[in-house]
A.B. asks: 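Below you'll find the structure I mean.
Keep in mind that the numbers below use all heavy atoms, side chains included, and drop hydrogens, waters and symmetry copies. Sequence lines set the chain letters: A, B, ... in the order given, protein chains first and strands last, and positions in each chain run from 1.
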Amino acid sequence: MRIHRWYKKKKKNDNQQKDNINPEVDDSLESLIKQMKVSNDFIYFKNDQSPQPIHLYYFMSLVDSEIIHRDILPYLNRESLTSLQKLKQELPIENIEITSDVNKIEQKVLRGSIIIQLDKSSTEVALIRAELNKAREVSLPEVEFSVVGPKESFVESLDTNLNLIRKRLPIPELQIAEYSVGKLSKTRVAVVSIEGITNEENVNTVKQRIQAIEFDTINDSSYIVQLITDNKNSPFPQLIDTERPDRIASVLAEGKVAILVDGAPHGILGPTTFIEFFSAFEDYFLNWITASFFRLIRLFAVIFSILITPIYVAVLTYHYELIPKDLVSILVISRREIPLPPILEAIFLEIAIELLREAGARLPTKVGQTIGIVGGIVIGTASVEAGLTSNVLLIIVALAALASFTTPVYKMGNTIRLIRFPFLIFAHFWGLLGVAICFCFTITHLLKLTSLGRPFLEPIFPPRISDLKDAVIRLPFNFQAKRPIQLQTEDTMRFKQNKAKDKREIDE
Amino acid sequence: MKAMQRKVNERYMITASLVFFLIHSMQIGIGILSYQQDIVKSAGNDSWIAVIFAGLIVHIIIWMMYKILKNGKGDLITIHYDLFGKWLGGIFSLIWIIYYWAIGLVVIRSYLEVVQVWMFPDISIWQFSLIFLSLVYYLLIGGFRVVTGICFLGVVIPAYLLLTLIFPIEFTEFRNLLPIWNHSLKDISLATKDMTLSYLGLSTLLMFYPYLKNPERSQKWAHGGNLLTMLLYAGLMILSIAYFGQGYLSRIIWPTLTMWKIVELPFVERFEYVGISSWALIILPNICLSFWAASRGVRQLLRFSQRKALIGMLLMTWIIIYFLQERQQIEMLSSYVSMTGFYLIVIYLPLLFVFSYLRLLRR
Amino acid sequence: MKRILLLIVICLLGVLSACVQKQILDDVQLVTAIGYELTNENELKATAVTPIYKPDKTIISDIFTETGPLSKEIRKQLNMQSSRPFVSGKIEIGLYSKDLAQKGMLDLLDTFYRDPAVGSRAYLAIVDGNMQSLLEKQYGQQDNGIYLSHMFEQNIDTGSLPRTNLNQFLSAYYSQGIDPFIPIVKQENGQVKLDGHALFRGDKMVGELSAKNMFIFKVLMDKYTKQDSTAVKLTETNQREGEYVSVLKIRAKRVYKIENTTEVPKITINVKIEGNVEEYSEGQQIDKKIIKTAQKSMQSQVKKQADDMISMFQELRIDPIGIGGQVRSRQRNWDENHWLDVYPNADINVDVQVSLTETGIVE
């Protein structure tokens with residue numbers, strides 16, 4: 001009820017904002033304060049001890065009471081305090097603003113400033129920042145955990161997050177443009193880029209898209225991702241979100257644009273490529289050979305995860321000829337008792353695995369783990385024994401699920417689990433041919449995708465051989481002197497390449 | 001009537017090197033599954049020589065095409081318009097458009113025939129072609145960049161199929177190829193003529209030329225694409241003769257598929273089913289590029305919406321495919337289209353080349 | 001957006017109603033071997049072997065028999081006996097009785113090679129003796145089709161069986177200058193064993209090669225001989241009369257020399273054999289002298305056997321080792337009829353060189 005009324009009034013206020021040309025300013029400040037007083041956490045008090053009565057207004061819930069008690073109230077008793085200008089000299093706070101702009105007052109007070117008024121009828125007030133910053137401590141990254149490397153992750157406060165990035169890139173070229181997005185939430189959104197490296201076009205695309213957002217509340221960075229992404233009807237994420245400040249710093253240096261949102265412990269990166277979703281940031285902490293090996297494993301895991309169950313269904317339903325003669329008996333024996341056709345068997349198990357995953361994700365950590373293990377073992381064994389599924393398929397589905405979790409970006413992992421189902425259905429109807437058709441649809445879709453207007457499938461298509469240095473395999477750092485062509489950076493060299501490549505003579 | 005579009009927006013252009021994949025993917029299609037039979041019937045163990053001769057002829061044709069396009073500045077439709085005027089040029093253009101469209105039709109129907117014979121005798125033709133054509137539509141509305149993309153991936157991804165050709169080698173007898181050149185020149189030229197048909201897809205170059213960023217530099221890539229096609233055809237021909245012997249080879253309709261029957265890996269036997277399925281990705285560029293060329297032609301010629309032209313064409317294809325039921329009909333259609341292609345490319349194009357050259361000289 | 005939805009709906013409708021005939025692995029009756037013989041009424045009698053997978057994970061084979069005029073007709077009749085449809089995709093071996101092979105095999109093979117489901121690696125064999133009792137007996141842990149297929153595979157890799165399968169047979173049948181052969185199997189003491197080869201002229205069996213000649217046959221015709229073995233009787237000196245060495249891991253190579261191809265051709269086959277001596281009947285030290293003796297004995301034995309074998313082929317006017325093909329590949333304008341005329345009188349010599357390199361881990 002109350003919210004409703006407030007919202008209504010707010011709307012009226014908005015309208016007033018629009019009609020600001022013929023101002024009834026006086027009336028407005030008064031009405032603003034009146035409107036706010038409806039909320040119980042809005043505090044007004046008159047400081048009578050001071051030589052001259054001073055009026056203070058603020059939201060108790062937004063203001064750090066320590067600042068009021070320590071830095072403001074003791075100084076208000078001074079004699080010299082005769083005007084608001086004097087206040088600026090007296091208070092040990094750097095950012096005191098004196099204004100009569102009601103909109104500004106409203107904005108500031110709702111962000112945790114204190115209004116100081118000397119005379120109740122005066123329209124001019126001083127605004128003192130005293131917001132309460134209650135944010136989580138910087139903690140371990142949980143989604144993108146890495147064994148080696150930095151162990152800090154973003155928190156819900158934009159300022160802390162920007163601090164984490166700036167600490168890693170202490171250069172003046174690091175530019176941050178801030179926007180306020182969301183009609184109700186007024187969320188601060190920061191676009192971070194490095195001048196002279198990042199392509200202006202990319203930065204402008206991001207800025208334009210953010211400014212064009214029409215939404216009421218932005219609760220997380222993923223809202224922004226969904227609102228600015230190139231193709232909103234695609235299951236594939238086209239922007240990476242990461243919780244690692246080191247990853248953001250490093251891709252900024254590569255020439256990408258980062259977006260940080262207040263209240264979200266994730267940053268957004270763009271433009272990205274399809275391959276980048278399968279590279280963990282940990283790859284850069286390991287030796288290039290190991291890192292490349294793990295990347296290949298991950299890529300294999302993705303292909304395996306998407307295709308293996310559909311291929312099982314296709315082969316068992318239509319193409320028994322394909323099965324090697326020594327494998328036939330294993331498959332037939334494991335399936336002999338099962339009344340369901342392969343497709344139902346597969347869907348049953350796939351859904352069981354999805355249920356376990358979903359349950360594990362929703363429940364508290366400890367319980368979730370137990371559910372995962374118990375469910376996996378009990379349901380798996382029981383369904384094989386009951387003759388609902390074959391144990392060969394159980395192994396296949398479990399491996400496929402495991403493989404889908406190797407994807408370092410969580411959202412991509414979800415996509416991979418999702419696109420298995422259309423593949424399964426096609427496999428059921430047209431066997432391997434159906435799998436191939438579905439595959440054609442998928443790559444066509446991927447070909448059409450763009451990330452901030454840049455081709456998503458790069459460096460595979462358009463083929464750019466030099467960008468393959470950090471795609472499927474990661475070459476050593478001395479090969480990485482050039483920034484990716486995909487980003488069309490203004491300064492293409494990351495560092496001077498060491499030209500001394502003469503082969504040293506043996507034993508000299 | 002609005003003027004034809006002679007220059008394409010830089011944003012939609014593609015790099016010159018991709019011509020390699022456009023040409024190559026268009027040449028390799030459904031034909032490579034079955035081209036051996038006709039050639040072997042006339043040239044026997046010398047068939048591979050005919051394959052190479054045909055490839056060389058096609059090289060000359062590519063060179064001619066580039067000359068025509070360079071002189072003409074624009075695509076085939078504008079060149080026709082410039083050389084022959086509105087009506088006569090329009091009629092020539094229309095013939096080409098129908099030819100492009102017919103290639104797409106023949107490829108998809110022949111593929112369906114392979115599927116019917118080898119995998120699913122009772123597959124519903126209208127349903128499969130509906131899904132496949134909607135895939136083509138989905139792809140084509142992405143524009144030429146996406147078409148190029150599928151041509152590239154349609155070459156790169158199925159390249160793994162080449163590895164499977166190792167397996168027949170165990171059972172080959174390369175002595176079957178000897179003695180070299182024991183056929184008359186007449187036999188070989190007859191086989192060369194038949195073989196030229198397998199290379200013909202490249203004519204779409206006449207339509208996508210304005211989309212190339214550095215058209216001059218793309219010529220070597222076009223030749224490269226054709227060279228790869230030639231090597232593939234010749235290599236496969238040599239392998240087929242060595243594996244089957246020419247007597248048996250001339251009796252098999254799809255030798256490439258039959259050859260896959262010998263593949264035996266620890267996890268998969270009988271590779272032809274995997275091969276036929278993967279072939280969907282190989283014929284997709286064929287169909288897309290030819291439908292693209294046809295619909296682009298309609299757009300250029302009649303200033304008709306390309307999207308609508310495309311929908312019309314796909315619907316027509318769908319209906320015709322449904323009525324083409326018998327193998328004889330398919331073969332007849334396919335040979336008509338091949339012959340039209342042969343006359344258009346081997347006879348008509350050189351004439352056009354001479355004509356455009358004369359026009360250039362007169363100026 | 002609406003268009004995409006429409007597309008999805010069309011796709012789903014298309015897919016959901018598109019059903020192709022399913023062949024779910026455990027709902028079909030896999031035929032792994034099929035035997036054909038003639039009944040007394042001159043009808044065809046087929047015996048199909050299918051595996052039965054028992055709950056305790058053992059596999060036994062089951063047989064179905066049926067008679068009829070056509071082999072596909074028989075399949076229909078077989079289906080009447082079974083709870084699940086018979087499928088031919090896993091046929092590992094086709095067996096034929098001798099009288100059937102003598103009447104001509106091609107019309108029977110037709111069902112095999114016309115059927116896209118049958119693999120090219122399927123083996124063919126002639127059965128000496130009772131077909132039904134050979135197929136009825138349980139030989140190994142698998143069903144009989146797989147058992148026979150493994151037996152053939154093993155003998156090709158390490159024994160005296162040359163590479164043979166359906167494709168090789170057809171390739172030889174349709175090629176000029178080579179005639180096909182098929183191994184013979186027979187049941188002996190409850191076990192199945194390889195017992196020589198059936199030799200064909202065209203598709204009719206005209207002769208037999210005994211089991212002891214299989215080694216020479218493989219040496220003379222197979223592309224690779226790597227793992228063969230034979231016993232050699234030492235004959236050089238009186239002193240060593242009646243002694244034997246066994247030669248293992250035989251590698252053989254051949255070079256043909258052909259002269260005077262027009263009239264009566266003179267053909268020399270140089271055979272180089274390398275092998276290891278692994279057993280000596282006397283159990284003594286194998287010294288250089290014995291090795292030399294063994295080499296000489298082996299040379300003369302192989303030469304004699306090969307000469308005998310080839311003259312038998314010439315008498316039968318058949319050419320299973322492909323001498324005609326060798327001549328053809330060295331000669332332009334080779335005429336098959338002319339060759340068939342001169343072949344029986346051709347002067348064919350086998351020149352053998354044996355080198356025995358190792359003697360195991362003791363001297």
A.B. asks: With a 4.5 angstrom heavy-atom cut-off, which part of B:Leu153 approaches chain A: side chain, backbone, both or neither?
C.D. replies: side chain
A.B. asks: May I have the step-by-step check of side-chain contact (heavy atoms from CB on, under 4.5 Å) for B:Phe267 and A:Ile323, ending in yes or no?
C.D. replies: CA-CA 7 Å; B:Phe267 51 91; A:Ile323 309 165; over 6 Å; no
A.B. asks: Taking C-beta and beyond as the side chain, do B:Val156 and A:Phe461 meet within less than 4.5 Å on heavy atoms?
C.D. replies: no
A.B. asks: Could you tell me which non-hydrogen atom of B:Leu265 sits nearest to which non-hydrogen atom of A:Pro324, and how far apart they are?
C.D. replies: O-CG, 4.0 Å
A.B. asks: Looking at A:Ile437 and B:Ala280, what are the two nearest heavy atoms and their distance?
C.D. replies: CD1-CB, 4.4 Å
A.B. asks: Where does A:Ile311 contact chain B at under 4.5 Å (heavy atoms): side chain, backbone, both or neither?
C.D. replies: neither
A.B. asks: May I ask you to check whether over 12 heavy atoms, not counting those of A:Lys232, lie within 6.0 Å of atom NZ?
C.D. replies: yes
A.B. asks: Side chain, backbone, both or neither: which part of B:Leu284 has a non-hydrogen atom closer than 4.5 Å to chain A?
C.D. replies: side chain
A.B. asks: Would one find more than 12 heavy atoms of other residues, nucleotides or ligands at under 6.0 Å from atom CZ of B:Arg327?
C.D. replies: yes
A.B. asks: Within a 6.0 Å radius of atom NZ on B:Lys308, are there more than 12 heavy atoms belonging to other residues, nucleotides or ligands?
C.D. replies: no
A.B. asks: Counting neighbours of CH2 on B:Trp254 that are heavy atoms of other residues, nucleotides or ligands and sit closer than 6.0 Å, is the number greater than 12?
C.D. replies: yes
A.B. asks: Which one, B:Ile14, B:Ile157, B:Val268, leads in non-hydrogen pairs under 4.5 Å with chain A?
C.D. replies: B:Val268
A.B. asks: Looking only at heavy atoms, which two atoms of B:Arg145 and A:Leu447 are closest? And how far apart?
C.D. replies: NH2-O, 3.1 Å
A.B. asks: Pick from B:Phe132, B:Phe271, B:Phe128: which one has the most heavy-atom pairs with chain A under 4.5 Å?
C.D. replies: B:Phe128
A.B. asks: NE2 of A:His445 to CG of B:Leu135: how many Å apart, nearest 0.5 Å?
C.D. replies: 13.0 Å
A.B. asks: Select, from B:Val115, B:Thr148, B:Ile141, the one with the greatest count of heavy-atom pairs under 4.5 Å involving chain A.
C.D. replies: B:Thr148
A.B. asks: I'd like to know which of B:Val146, B:Thr15, B:Ile276 tops the heavy-atom pair count under 4.5 Å against chain A.
C.D. replies: B:Val146
A.B. asks: Rounded to the nearest 0.5 Å, what separation is found between the SG atom of A:Cys440 and the CD1 atom of B:Ile150?
C.D. replies: 6.0 Å
A.B. asks: Atom CD1 in B:Ile131, atom SG in A:Cys438: separation rounded to 0.5 Å?
C.D. replies: 10.0 Å
A.B. asks: Using a strict threshold of under 4.0 Å (side-chain N to carboxylate O), is an ion pair present between B:Glu264 and A:Lys325?
C.D. replies: yes
A.B. asks: State the CG-CD distance between A:Asp326 and B:Glu269, to the nearest 0.5 angstrom.
C.D. replies: 8.0 Å
A.B. asks: What closest approach, in Å, do B:Met119 and A:His319 show between heavy atoms, and which atom pair accounts for it?
C.D. replies: CE-CE1, 3.3 Å
A.B. asks: Taking atom OH of B:Tyr137 and atom OG1 of A:Thr444, what is their separation to the nearest 0.5 Å?
C.D. replies: 14.5 Å
A.B. asks: Measure the OG-CZ distance between B:Ser278 and A:Phe439 for me, rounded to the nearest 0.5 Å.
C.D. replies: 9.0 Å
A.B. asks: Around atom NZ of A:Lys469, are there more than 12 heavy atoms from other residues, nucleotides or ligands closer than 6.0 Å?
C.D. replies: yes
A.B. asks: Which pair of non-hydrogen atoms, one from A:Glu321 and one from B:Tyr273, has the smallest distance, and what is that distance?
C.D. replies: OE2-OH, 3.1 Å
A.B. asks: Please classify the contact between A:Leu432 and chain B as side chain, backbone, both or neither, with a heavy-atom cut-off of under 4.5 Å.
C.D. replies: both
A.B. asks: With ring-ring contact (aromatic ring centres under 6.0 Å, His included) as the criterion, how do B:Phe120 and A:Tyr318 come out once you've worked through the C-alpha distance, each side chain's angles and the decisive distance to 0.1 Å?
C.D. replies: CA-CA 9 Å; B:Phe120 303 126; A:Tyr318 294 107; 5.1 Å; yes
